[in-house]
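Below: one structure, written as C-alpha cells.
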Amino acid sequence: MEHPENDSQYKGLQVNGGVTSQPTVNPYLKFRPRRRPSLTPADYVEGIVNRNVSILGQAVTLIESTAEAHQAVAQEVIEKCLPYAGNSRRIGITGVPGAGKSTSIDVFGLHVLRQGHRLAVLAIDPSSERTQGSILGDKTRMEKLSQEKDAFIRPSPSAGSLGGVARKTRETIVLCEAAGYDTIFVETVGVGQSETAVHSMVDFFLLIQLAGTGDELQGIKRGIMEMADGIVINKCDGDNVERAKLAAAQFRNALHLFPPTPSKWVPEVLTYSGYFELGIDGVWDMIDRYFDYVKGTGYFDTKRQQQAKYWMVETIDEQLRASFYHQPEVRALLEQKEMRVLNNEQSSFTAAKDVLDFYFDRLRNK
Ligand code: GDP
C-alpha cells in the first residue's frame, strides 16, 4: 500500500513501503526432533571403544552430571570401559598461574602427537565455574593443540568439592584410555590445593617453575616439590637464560635435602622455553627415562595399584558424606545442634553422636 505521505500534495519527505520482516520463529523448527535419542550404556561403550569423539564427550558429560540417573549410566559405562583402559602414560602438570602451563601443554602436546601418540588433556580446578568459562583446560588456551584431531581437550569439571571434581577427572581418564588416548595430561593450578589429587591419578608429576627474583624457592610449598618427579624452569629464553639456569641449580640443591622418593627415582631439574620451543626434547627425554625406569623396577604397577586403592577409599568417603549431608532432615538437626554447641548447651562430641545416631536410625528404618 502506498504510504499516505507519498501523496504528491504532501510536503514532507517521501517514505517507501517497508520490507516484510521474517517470522521470528523458524517455522521448520517444530519438525526437528527435540532430543537426541538417549544412548544405552552399551552404545556409549561401543562409541568410545570405536573412538567416536562425540560419544566420548557425551559420556564425560554424564560423569560430570549430578543427576542420579546420569550417574547410574556413567558408572556402568566406566565399569565396562575398564577392561580397555590403563594403557597410557598419565602425566600431571602443575605450576602457578602464569608459569606457562597452557603454552607448554600446547608444545608438549604437539611433540607427543608428532611421535604418533593420541593425547587427552584434562584439568582439575575446583575453583572453576563452567558457566563463567573454566580457567583451566579451556580450548582457546591451547590454540595449536585444539586444532589437532588426535587431541581431546576437556576443561575441568565445574566447581564442586575438590574430592568430587577430582573423582570425575579420574573417571574421565578411564574413558579416554578406552577411546585410545595413550597419553593423558592432567593440568592443575599449583597453589597447593589440588596437587595431591592430581598426584594420586598420574604416573609422572611435572612441576613448572619460573626463575623469579631473589629466593627461588620462596612461596613454593615443600609438599608440591616433594611430589614432583621432574621440575622444569620455563621461560629460559632471551635475557632470562642465566636466571633460569641459576634457579635450576638452586632447585637441584634443594632437592638434595629431600628424602628419597618412593620410586627411588631422582627428580631431575631442567630448563626450557615453551614459547620459543627450546629444550622440549630434553623435557620429553626425561619423561621417557622415568617411564623406562619405573617400568623396569615394577614401581609403575605398584603405584597404579596404590592409586586404585586410594580412589576406592576416596569414593566411599565422598559418597558417605554426600548421603549424610544431602538429607534435609539431617541438615536441619545439624543446624539445631550447632546452635546448642555454640551456646555451650551441649558438647561437640555428644552433639555429633546425636546427629550420627539420627542418620543411622533413619538408614535402618528405610
Ligand atoms: P599459565 O597460566 O600457567 O597457563 O601460563 P600461560 O601459558 O598462559 O603463560 C603466561 C604468560 O607467559 C603468557 O603471556 C605467555 O605468552 C608467557 N610465556 C609462556 N611460556 C613462555 C616462555 O617460554 N617464554 C616467555 N618469554 N614467555 C612465556
Side-chain angles (χ1 to χ4, degrees), residues 91-113 119-130 132-148 151-159 165 169 184-195 197-199 202 204-213 216-221 224-225 227-248 251 268-287:
I91 297 166
I93 298 178
T94 194
V96 292
K101 290 180 298 302
S102 15
T103 313
S104 305
I105 289 174
D106 220 17
V107 291
F108 290 155
L110 288 180
H111 184 85
V112 167
L113 294 182
L119 170 72
V121 181
L122 312 176
I124 292 191
D125 174 15
S127 65
S128 81
E129 256 319 332
R130 175 69 60 78
Q132 292 165 8
S134 169
I135 56 159
L136 277 179
D138 195 334
K139 287 191 178 190
T140 56
R141 291 172 61 233
M142 290 148 205
E143 266 172 54
K144 296 179 206 138
L145 214 49
S146 59
Q147 290 163 26
E148 294 287 331
F152 176 78
I153 302 178
R154 188 85 189 185
S156 173
S158 56
V165 172
T169 304
I184 315 277
F185 287 174
V186 185
E187 179 194 7
T188 190
V189 174
V191 288
Q193 265 182 28
S194 31
E195 288 77 14
V198 174
H199 186 245
V202 297
F204 182 94
F205 198 53
L206 186 72
L207 171 61
I208 299 182
Q209 283 292 344
L210 290 178
T213 47
E216 305 303 348
L217 303 179
Q218 208 184 334
I220 298 152
K221 298 237 163 46
I224 300 181
M225 273 187 69
M227 281 189 270
D229 300 299
I231 297 179
V232 285
I233 320 288
N234 188 18
K235 309 195 187 181
C236 183
D237 46 55
D239 39 5
N240 205 28
V241 173
E242 284 313 310
R243 278 198 298 160
K245 294 213 160 124
L246 183 65
F251 274 110
E268 296 186 17
V269 183
L270 301 173
T271 57
Y272 78 108
S273 165
Y275 191 82
F276 294 98
E277 304 191 23
L278 304 169
I280 309 299
D281 287 353
V283 175
W284 230 253
D285 286 349
M286 163 178 70
I287 294 177

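Start at 1 and go down the list; that is how both ligands and their atoms are numbered. Note that this is a predicted model, so its numbers are computed, not measured.
- Ligand 1 places these atoms under 4.0 Å from at least one heavy atom of D237: 22 (C), 23 (O), 24 (N), 25 (C), 26 (N).
- Checking only distances, G100 does come within under 3.5 Å of ligand 1, N or O to N or O.
- Nearest non-hydrogen protein atom to atom 7 (O) of ligand 1 is T103 OG1, 2.6 Å.
- The contact set between ligand 1 and A99, taken as ligand atoms under 4.0 Å from a residue heavy atom, comprises 3 (O).
- Polar contact check, G274 against ligand 1: a nitrogen or oxygen pair lies under 3.5 Å apart.
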side-chain contact (heavy atoms from CB on, under 4.5 Å) assessment of F108 paired with L206: CA-CA 12 Å; F108 290 155; L206 186 72; 3.9 Å; yes

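- The atoms of ligand 1 that sit less than 4.0 Å from any heavy atom of P97 are 2 (O).
- Counting heavy atoms from C-beta on, the side chains of C236 and L278 never come closer than 4.5 Å.
- In this structure the side chain of L210 never reaches within 4.5 angstrom of the side chain of N240, judged on heavy atoms.
- For G98, a nitrogen or oxygen atom sits less than 3.5 Å from a nitrogen or oxygen atom of ligand 1, counting backbone and side chain alike.
- The shortest separation from a heavy atom of V96 to ligand 1 is under 4.0 Å, placing the residue in contact.
- At a threshold of 4.5 Å between non-hydrogen side-chain atoms, the residues E242 and L246 do not count as touching.
- Residue S273 has at least one heavy-atom neighbour below 4.0 Å for each of these atoms of ligand 1: 22 (C), 23 (O), 24 (N).
- Put simply, atom 14 (O) of ligand 1 has no protein non-hydrogen atoms near it, under 4.0 Å away.
- The side chain to side chain contact (heavy atoms under 4.5 Å, CB included) with M286 is formed by just one residue from the set D281, D229, V232, V269; it is V232.
- Counting only non-hydrogen atoms, the option in E277, K101, K235 that gets closest to atom 18 (N) of ligand 1 is K235.
- Between Y272 and ligand 1, a contact under 3.5 Å exists for no N or O pair.
- Nearest non-hydrogen protein atom to atom 20 (N) of ligand 1 is N234 ND2, 3.2 Å.
- Residues T169 and R154 form no side-chain contact, since every pair of their non-hydrogen atoms from C-beta on lies 4.5 Å or further apart.
- When all heavy atoms of K144 and D106 are compared, the pair lying nearest together is N-OD2, 3.2 Å.
- Among protein heavy atoms, the minimum distance from atom 8 (O) of ligand 1 is reached at S102 OG, 3.3 Å.
- Classification of the F205-H199 ring pair by plane angle, with boundaries at 30° and 60°, yields perpendicular.
- With contacts defined as side-chain heavy-atom distances shorter than 4.5 Å, the pair N234/T103 does not qualify.
- Inclusion of S104 in the set of residues having an N or O under 3.5 Å from an N or O of ligand 1 is not warranted.
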